[in-house]
Amino acid sequence: MLKRTLYCGEISEDHLGKEVSLCGWVHRVRNHGGVVFVDLRDREGIVQCVVEERINPEAYELADSLRSEYVVAIRGTVRRRPQGTENPRLKTGNFEVVIDRIELLNSSEALPFPVDEETPVSEEIKLNHRYLDLRRESMRENILFRHKAYQVIRRVFLRHGFVEVETPFLTKSTPEGARDFLVPSRLHPGKFYALPQSPQLFKQILMVAGFDRYFQIVKCLRDEDLRADRQPEFTQVDFELSFVDEEDVIAFSEELICDLFKELLGLELKRPFDRLSYGEVMERYGSDKPDRRFGLELIDLSHVFKDTQFRVFREALENNGAVKAINFKGSNLSRKEIDELTQFVQTLGAKGLAWIKVEADGKLNSPIVKFFTERETKELLKTMDAKAGDVLFFSADSKDMVYKILGNLRLHIGKKYGLIDQSKFDLLWVVDFPLVEWDEEEKRFVSLHHPFTSPREEDIPLIEEALKVESLEEKKKLLHSVRARAYDLVINGYEVGGGSIRIHRRDLQELIFKLLEIGKVEAEEKFGFLLRALQFGAPPHGGLAFGLDRLIAIMRGLDSIRDVIAFPKTQKGICPLTGAPDYVEPKQLKDVHIKVVE
RNA sequence: GGAGCCGUAGUUCAGCCCGGUCAGAACGCCGGCCUGUCAAGCCGGAGGGCGCGGGUUCAAGUCCCGUCGGCUCCGCCA
């Protein structure tokens, strides 16, 4: 067999006149009668190979019989293409390989879909034949890009003295957080391991153990429903440092992100990244992960309607809710377009969508202005800076609902009407998260981040006070102002990283468990190992984890993380390639003491 | 758990609203021609019965119900 001397995509000026041997896949064959062009492809790119019948009849005949995705080795001589026949779309487009010999290494069936960028192919078919999909240039580049990212990331960590440590995959199920994937134990009937949602507790233990700086590029598993940016198994760039505060973690994170953007995209990001508080981003964007590449900010109207007779607005304000609006400036939306947006917000649980359109003559076209006083209307238009052609959309409801409706509507409009500058990267730290929020379903407070996140020192008395008061409203009020020492990195409206300074004192950790109504017995049972560790000289520590899949997808301008994962799952959590999940043999079930009930 | 869009040749789609030459196009595939193309070109050919199951009807890709699958979103995701 001919042995490769270089990759197809590497052919350049340097190889002119030299004999080369290439191994790869037949991308395309063009036979012009007497001369055949074979585009040969490998992971580095494509190069055109050529053979003429009258010069090399044997190779010509074989070349003529080649079909897409046949595997061949080709020996030949590199030459400059005849003038006027260069192909600027190929990296190797100024050169071609004059075929001396072709070895057919394997043939291929007719393809289920073309290995090119032109034809859109359904996700199902692509994943079914992922090996073919991955041969496509864009997918190959996504995977190679990701590979390069690993290298940059490791280099940055090593530069800063981080130690790479692996943590267990067979671990313990913990309450709080996402649903666990469970693994039945054969040796311990009725007991289960859980696959880790993240190495959170292990990395904290490593800090207690004195490793000082830890990192790991690691799979995390959560048994929750999928989204374009969520897979049941995904990769975190996880790290933790001792003897640090927020600023250290943030500064290091920025360096890591900057190095990635610089080395992989050639972009110099401006440092420090912007920071906004959780409260501010919720007020302005209705989201804790805002995309700031376009406007349409939420504007508060409670002062305008504080005494309004319009029932919908009045009730919202009376019930401690909010009245807010966004102004889609100069959009001149038609009634049909407004109806479409109304339908959209209804899928989010809105009853309807109040709107005002400012017509060209300045008249207001709206189903609701008739309920406003003259003063309200005037102040409203002023607050919203409403001009001819503008369309205003309102939401009046509980604060959570207003944020949800207008935040999602804002994004929907931004995408639908092309308001987003796709060439930009918007990097933002969201800080000052509340430590906990009330969970109406569970009727208790739950961590916004996770139960190991430290509250601000000065806010701890508020927690103690809240635990003493009886009234729930009073509790909520007190706890609302307890801030977590947490920080999220948001890029283009995606949460790509999150972390916090952790609790390193047992008494404080116990206080938080108490706040979260995790009883002493349960805390001991589930987190006893952590509590004990905190008693034996736990250093102050904190860290962060980046969602690598999301980060790579954003850097590559992709909408779905499936495109940066070699073997992703479909929305129903199925791997079409292997057919997982699947039934197993009764013997296997018996071994692990599992009986399946319908 | 819920909502929306989609499912027709190997692939991407049109046809569905207004049931009755509606089973089509392009690419791919097969055969032939062609010495400079590069998503080659030209000529010819094969290939599906419309995801699956019911129902309505004289008649169903076309209407109705159910179901499965893909995608997007809500819930969920400490």
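Numbers restart at 1 for each chain; the letters A, B, ... are given by sequence-line order, proteins then strands.
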(request) Compare the aromatic ring of Phe37(A) with the six-membered base ring of U37(B) and state whether they stack according to the 5.5 Å and 30° rule. (result) yes
Between the protein and nucleotides 2-8 of chain B, which nitrogen or oxygen pairs come in under 3.5 angstrom?
none

(message) Starting the side chain at C-beta, find the nucleotide from G70(B), U35(B), C77(B) nearest to Ala178(A).
(response) C77(B)
(request) Flag the pair Phe393(A) / Phe328(A) as yes when their ring centroid distance falls below 6.0 Å, and as no otherwise. (result) no
(request) Find the partner of G20(B): check Watson-Crick (N1-N3 plus N6-O4 or O6-N4) and G-U wobble (N1-O2, O6-N3) distances, both under 3.5 Å, and reply none if neither fits. (result) C58(B)
(request) Name the residue closer to the 5' end of RNA chain B, choosing between Asp559(A) and Arg54(A) according to the nucleotide with the nearest heavy atom. (result) Arg54(A)
(message) If you only use heavy atoms from C-beta on, which nucleotide in G36(B), U72(B), C71(B) is closest to the side chain of Thr570(A)?
(response) C71(B)
(message) Let's see if you can work this out: which of A40(B), U37(B), C74(B) has an atom nearest to the side-chain heavy atoms of Thr85(A)?
(response) U37(B)
(request) Compute the centroid of each ring, for Phe527(A) and then for Phe452(A), and state whether the two points are separated by less than 6.0 Å. (result) yes
(message) Would you say Arg28(A) places a side-chain N or O within less than 4.0 Å of OP1 or OP2 belonging to A40(B)?
(response) yes
(message) Going by purine N1 to pyrimidine N3 plus the second Watson-Crick contact, or the G-U wobble pair, all under 3.5 Å, which nucleotide sits opposite G28(B)?
(response) none
(request) Send over the distance from Leu226(A) CG to G70(B) C1', rounded to a whole Å. (result) 13 Å
Grab the N/O contacts between the protein and nucleotides 12-17 of chain B below 3.5 Å, and write none if there aren't any.
from, atom 1, to, atom 2, distance (Å)
U12(B), OP1, Ser122(A), N, 2.7

(message) Quick check: on RNA chain B, is the nucleotide nearest Asp229(A) upstream (toward 5') of the one nearest Arg89(A), or the reverse? Name the residue that is more 5'.
(response) Arg89(A)
(request) Write down the partner of G75(B) under the Watson-Crick or G-U wobble criteria, each distance required to be under 3.5 Å. (result) none
(request) Take atom P in C52(B) and the same atom in G10(B), then report the distance between them in whole Å. (result) 13 Å
